[in-house]
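Taking it in order: structure first as structure tokens, then the write-up.
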Amino acid sequence: MSCRLALAEWRLPASGPEALRLARTVGADGLQLDLGGPGRGEWLDGPGRIDAVRAEAESTGVRLLAVAGNHLNDVGLMSPAARPVLERLLDTAAALAVPLAFVPSFRRSAIEAPADLERTAEVLAWAAGEAGARGLLLASENVLTGEQARALVRRVGSPAFRVVLDTFNPVAAGLSPEVLVAELHDVLADQVHLKDGPPTTGATPPLGSGTGRLDDTLRALRAHQVPVRAAVLENDYRDGDRARLLADLRWARQRTASLATTSGKEE
């Protein structure tokens, strides 16, 4: 099976059923959804929305791949307010029958000190247990070093836990994505975010033309035979530039065709 190409809903000029129709129009295979929340659009589990999204996915043939809890960047993963959001995230992912829910650790959820890592691991250990009980995988997206990320995985201590690889966020943090692949290849989620940067003149550079060294990261994924079932375009397309989106899809389809796709739980 070839690697699927997918879009990230929160980087599109559309959401919900409209985002699925856009994905079908441009030829994407799948979509990662956002849970939503204040400042981030309608809650995905709002009245009638899960049913509408599920029906549109069936109609368009676009596969629902994951639900992201981006609102946790505003709430703070280590705050008492995080647990209700995590429960909504996991319940929504289960209702949509996606294989993966993931939690970003940026802004108020940033892991900046050893105490942050310990507190984050405690929260994620609970959430990973809840995810496993729902038949889901839970993943963390962060900019930890390989050693720190490995420590997080050990502290969470769950077979239902993974790390999301983003191809540019580590670069922006002074890290090497290809080194992270070498160090974490056995615990990476099989959905990888593709983006390049930094933004120029208000837009993210076309894939492969920025400073993200995307080809190096893709070579590392191949070398370590990391199973990548979905390459998720996460450049910013919210300006509605369809030509740029289509160009990135063409680039990604060519570059990811030879990635390994064999894995277990994520299928």
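Computed from heavy atoms alone, side chains included, the values below leave out hydrogens, waters and symmetry copies. Here, residue 1 is the first one in the sequence, and each next residue gets the next number. The model shown is predicted, which means the values in this text are computed figures rather than measured ones.
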Q) Between CG of Leu12 and CD of Glu234, what distance do you get to the nearest 0.5 Å? A) 10.5 Å
Q: In sequence, state the C-alpha distance, the side-chain angles, and the governing distance for Asp91 and Arg134, and then conclude on salt bridge (charged side-chain N to carboxylate O under 4.0 Å, His left out).
A: CA-CA 8 Å; Asp91 286 343; Arg134 292 166 172 80; 2.9 Å; yes
(Q) Would a single hydrophobic cluster contain both Val53 and Leu7, if residues Ile, Leu, Val, Met, Phe, Trp and Tyr are joined by side-chain heavy-atom contacts under 4.5 Å? (A) yes
**Q.** Polar contact flag, side-chain donor to acceptor under 3.5 angstrom, Thr145-Gln148
**A.** yes
Distance-only donor-acceptor hits, side chain of residues 22-29, under 3.5 Å, sequence neighbours excluded:
unit_1	atom_1	unit_2	atom_2	d
Thr25	OG1	Arg21	O	2.9
Asp29	OD2	Leu5	N	2.8

Q) Leu218 and Trp251: which non-hydrogen atoms are nearest, and at how many Å? A) CD1-CH2, 4.0 Å
Q: Examine distances only and state if a side-chain atom of Thr256 and a backbone atom of Leu259 form a donor-acceptor pair shorter than 3.5 Å.
A: no
Q | Side-chain touch Val192/Thr167, heavy atoms, less than 4.5 angstrom | A | yes
Q.
Quick check: is Leu152 connected to Val123 through a chain of hydrophobic side chains (ILVMFWY, heavy atoms under 4.5 Å apart)?
A. yes
Q.
Within this structure, what is the CG-CD distance for the pair Leu117 and Glu112, rounded to the nearest 0.5 Å?
A. 12.0 Å
Q. Can you find a heavy atom in the side chain of Thr261 that is under 4.5 Å from one in the side chain of Val228?
A. no
Q: Could you walk me through whether Phe102 and His193 pass the side-chain contact (heavy atoms from CB on, under 4.5 Å) test, one step at a time?
A: CA-CA 12 Å; Phe102 67 92; His193 285 167; 3.7 Å; yes
**Q.** Distance in Å, Leu194 CG paired with Thr217 OG1, rounded so as to fall on 0.5 Å steps
**A.** 9.0 Å
Q. What distance do Gln191 atom CD and Leu65 atom CG have between them, rounded to the nearest 0.5 Å?
A. 4.5 Å
Q) Should Asp215 and Arg255 count as side-chain neighbours, where that means a heavy-atom distance under 4.5 Å? A) yes
Q.
Taking Glu56's backbone N and O only, do any of them form a donor-acceptor pair with Thr60's side chain (distance below 3.5 Å, no angle check)?
A. yes
(Q) Regarding Asp236 and Arg244, does a basic nitrogen lie under 4.0 Å from an acidic carboxylate oxygen? (A) no
Q) Do Leu180 and Val226 belong together in a cluster built from hydrophobic side chains that touch within less than 4.5 Å? A) yes
Q.
Can you tell whether the side chains of Arg108 and Asp74 come within less than 4.0 Å, N to carboxylate O?
A. no
Q: Go through Glu178 and Arg219 one step at a time and tell me if the salt bridge (charged side-chain N to carboxylate O under 4.0 Å, His left out) criterion holds.
A: CA-CA 8 Å; Glu178 57 267 34; Arg219 275 192 290 270; over 6 Å; no
Q | Euclidean distance, His224 NE2 relative to Leu184 CG, rounded to 0.5 Å | A | 10.5 Å
Q | Considering all heavy atoms, the nearest Ala189-Leu100 contact | A | CB-CD2, 4.3 Å
Q.
Using the rule side-chain contact (heavy atoms from CB on, under 4.5 Å), only one of Leu31, Leu20, Asn70 pairs with Glu9; which is it?
A. Leu31
Q) If you group Ile, Leu, Val, Met, Phe, Trp and Tyr whenever their side-chain heavy atoms sit less than 4.5 Å apart, what else falls in with Phe106? A) Val143
Q) Is the count of non-hydrogen atoms from other residues, nucleotides or ligands lying under 6.0 Å from Glu122 atom CD greater than 12? A) no
(Q) Count I, L, V, M, F, W, Y as connected when their side-chain heavy atoms are under 4.5 Å apart, and connections chain through other members. Are Phe168 and Val164 then in the same cluster? (A) no
Q: Decide yes or no on side-chain contact (heavy atoms from CB on, under 4.5 Å) for Cys3 and Arg229, but give the supporting numbers first.
A: CA-CA 5 Å; Cys3 175; Arg229 293 194 183 276; over 6 Å; no
Q: Indicate whether any N or O donor in one side chain lies under 3.5 Å from an N or O acceptor in the other, for Asn169 and Glu141.
A: yes
Q) Can you say whether the rings of His71 and Trp43 are parallel (under 30°), tilted (30 to 60°) or perpendicular (over 60°)? A) perpendicular
Q: Could you tell me which non-hydrogen atom of Asp34 sits nearest to which non-hydrogen atom of Val67, and how far apart they are?
A: C-CG1, 4.4 Å
Q: Test side-chain contact (heavy atoms from CB on, under 4.5 Å) on Leu44 and Leu96 and set out the steps.
A: CA-CA 10 Å; Leu44 183 52; Leu96 289 168; 3.8 Å; yes
**Q.** Leu77 side chain near Leu86 side chain, heavy-atom distance below 4.5 Å
**A.** yes
Q: Could you go through the side-chain contact (heavy atoms from CB on, under 4.5 Å) check for Ser176 and Arg213 one step at a time?
A: CA-CA 9 Å; Ser176 165; Arg213 304 190 304 275; 4.1 Å; yes
Q.
Closer than 3.5 angstrom, by distance alone: can the side chain of Ser105 be matched with the main-chain N or O of Asn142 as a donor-acceptor pair?
A. no
Q: Identify, with sequence neighbours excluded, every residue that meets side-chain hydrogen bond (donor to acceptor under 3.5 Å, both in side chains) alongside Asp45.
A: Arg88
Q: Please name the pair of heavy atoms, one in Arg54 and one in Ala95, separated by the smallest distance, quoted to 0.1 Å.
A: NH1-O, 2.6 Å
Q) Between Leu124 and Leu72, is there a shared hydrophobic cluster once you connect ILVMFWY residues whose side-chain heavy atoms come closer than 4.5 Å? A) yes
Q) Hey, are the side chains of Arg253 and Ser2 touching, using non-hydrogen atoms and a 4.5 Å cut-off? A) no
Q) Which heavy atom in Ala110 sits nearest to a heavy atom in Met78, and how many Å separate them? A) O-CE, 3.4 Å
Q. With a 4.5 Å heavy-atom cut-off, do Pro13 and Arg242 have their side chains touching?
A. no
Q. Do Asn73 and Pro104 have side chains that get closer than 4.5 Å, going by heavy atoms?
A. yes
Q. Are Arg11 and Asn235 close enough that some pair of their side-chain heavy atoms sits under 4.5 Å apart?
A. no
Q: For the residue pair Trp10 and Gln32, confirm or rule out a side-chain donor-acceptor distance under 3.5 Å.
A: no
Q | Inter-residue atom distance Ser258.OG - Gln254.CD, 0.5 Å rounding | A | 10.0 Å
Q. What are the two closest heavy atoms between Leu137 and Pro159, and how far apart are they?
A. CD2-O, 4.0 Å
Q. Between Asp186 and Arg150, does a salt bridge (charged side-chain N to carboxylate O under 4.0 Å, His left out) hold up when you go through it step by step?
A. CA-CA 10 Å; Asp186 59 318; Arg150 182 66 68 177; 2.7 Å; yes
